[in-house]
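Positions are given from 1, in the same order as the sequence printed here. What you see is a predicted model, and the numbers here were worked out from it, not measured in a lab.
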Amino acid sequence: MTVIVIPARAGSTRFPGKATAPLGGRPIVQWTYEAATRAHSARRVVVATDCDRIAEVCRSFGAEVVVSQGAYTTGTDRIAAVVARWDTDCVVNLQGDEPFMDPDVIDRVVEAVRAGHPVATAAGPLDEACGRDPNQVTVLTDQSHRALYFSRADIPYRQSGVEFEELRGTGRVGAHLGIYGFTPAALAHIAATPPGILERSEGLEQLRFLELGLPIKVVRAPRTPVSINVPADLAAAEETEVVRRRSC
């Protein structure tokens, strides 16, 4: 069974109260939950939170909720604790600030895990301006579309004569999307290991996976949806066609 877990904690550093902030008249976490339920691979969708208020809001729109008290380093660590005794073949961490995640991309991440990859994630097209935004994580891959590195920096450094469009044309640089798929064994291994120096330096949990030597398959998404990292992102999200249509 595939379970999709949406971590939604109260104490977001860059955007306190983000999970329940209104977007088109509905809380952000509800948009993410509904996107998850539209994935064909979803057999169970759960919100994992440390906050009774978030839990109450999620239950109001019909979500299954697990309230997991305790301090966890990342959303992945919280999810690992929640699913430890569940019978699953694939666990998906769909970050709560991804209200417009394409359900087909969720399915493709699950397919990658079922095909034998211990960890899978997704990346969409990256433009040059986003590559300089520390809130937009860039992923570089090898020729087999396995992750080489993730960074908040503008990577890779380009020598004179190498243009951004040439680099993007290789299909090996992308905008990382907030989704991970894991085998249960890989997830347990990650949760049992403290953050390494790369994760602590960049503040990116996926660098722990790489430091552990776990290959990460990167599936390509046809578009890079708006994610909600900071309050200013809400304005951009409100202008999306899907929000305007559902708000009418």
Exercise. If Ile, Leu, Val, Met, Phe, Trp and Tyr residues are connected whenever their side-chain heavy atoms lie under 4.5 Å apart, and connections chain through other members, are V3 and V47 in the same group?
Worked result: no
Problem set entry | Criterion side-chain contact (heavy atoms from CB on, under 4.5 Å) against P195, the qualifying member of T73, T74, L207, L204 | T73
Problem set entry | Donor-acceptor contact present, side-chain S60 to main-chain V57, <3.5 Å | yes
Exercise. Which is it for L212 and I190 under the side-chain contact (heavy atoms from CB on, under 4.5 Å) test, yes or no, and what are the steps along the way?
Worked result: CA-CA 8 Å; L212 287 171; I190 291 163; 4.1 Å; yes
Problem set entry | Contacts of R114 that satisfy salt bridge (charged side-chain N to carboxylate O under 4.0 Å, His left out) - sequence neighbours left out | D89
Exercise. Same cluster or not: are L214 and I79 linked, directly or through other Ile, Leu, Val, Met, Phe, Trp or Tyr residues, by side-chain heavy atoms under 4.5 angstrom apart?
Worked result: yes
Exercise. Should D133 and R152 count as an ion pair when the cut-off is N to O under 4.0 Å?
Worked result: no
Exercise. Of the non-hydrogen atoms in A80 and A191, which two are nearest, and what is the gap between them?
Worked result: CB-CB, 3.4 Å
For this session: Of all the heavy-atom pairs spanning G96 and I6, show the shortest one and how long it is.
Result: CA-CG2, 3.6 Å
Exercise. Is any side-chain heavy atom of V139 less than 4.5 Å from a side-chain heavy atom of Y149?
Worked result: no
For this session: Verify, without hydrogens or angle tests, whether R168 (side chain) and L126 (backbone) share a donor-acceptor contact under 3.5 angstrom.
Result: yes
For this session: Measure from the side-chain N and O atoms of W31 to the backbone N and O of F100, and report whether any donor-acceptor pair falls under 3.5 Å.
Result: no
Problem set entry | R146 side chain to I216 backbone, donor-acceptor under 3.5 Å | no
Problem set entry | Over all atoms of both residues, closest heavy-atom pair of S41 and T2 | O-CB, 3.4 Å
For this session: Working to the nearest 0.5 Å, report the span between CD of Q136 and OG of S227.
Result: 6.0 Å
Exercise. If you measure from SG on C90 to CD on E111, what distance do you get to the nearest 0.5 Å?
Worked result: 10.5 Å
Problem set entry | Sidechain N-carboxylate O distance under 4.0 Å for D142, R172 | no
Exercise. Hey, are the side chains of I28 and K18 touching, using non-hydrogen atoms and a 4.5 Å cut-off?
Worked result: yes
Exercise. Nearest heavy-atom pair of P27 and F61: which atoms, and what distance?
Worked result: CG-CE2, 4.2 Å
Exercise. Does one hydrophobic cluster hold both Y157 and L140, with members joined at side-chain heavy-atom distances below 4.5 Å?
Worked result: no
Problem set entry | Check against side-chain contact (heavy atoms from CB on, under 4.5 Å), E166 and R158 | CA-CA 11 Å; E166 178 186 356; R158 295 183 289 281; over 6 Å; no
For this session: Quick one: which residue pairs count as a side chain to side chain donor-acceptor pair (under 3.5 Å) with a foot in residues 206-217, not counting sequence neighbours?
Result: D77-R208, H176-Q206, Y180-Q206, E199-R208
Exercise. Just checking, is any N or O donor in the side chain of T32 or E98 under 3.5 Å from an acceptor N or O on the other one?
Worked result: no
Exercise. Any donor and acceptor pair, going by atom type alone, linking the side chain of R85 with main-chain N or O of V82 inside 3.5 Å?
Worked result: no
Exercise. If two hydrophobic side chains count as joined below 4.5 Å and joins carry through other members, does V92 share a cluster with L187?
Worked result: no
For this session: Check whether any side-chain N or O of T49 sits under 3.5 Å from a backbone N or O of A8 as a donor-acceptor pair, and report yes or no.
Result: yes
Exercise. Which of these passes side-chain contact (heavy atoms from CB on, under 4.5 Å) with L177: V137, L94, T224, T121?
Worked result: T224
Problem set entry | Donor-acceptor contact present, side-chain T183 to main-chain A186, <3.5 Å | yes
Exercise. Which pairs pass salt bridge (Lys or Arg N to Asp or Glu O under 4.0 Å) with one or both residues in residues 56-68, sequence neighbours excluded?
Worked result: R44-E64
Problem set entry | Side-chain (R220) to main-chain (G171) donor-acceptor, under 3.5 angstrom | yes
Exercise. Is D50 reaching over with its side chain to a backbone N or O of S68, donor-acceptor style, under 3.5 angstrom?
Worked result: no
Problem set entry | Verify same cluster id: F209, I179 (apolar side-chain graph, 4.5 Å) | no
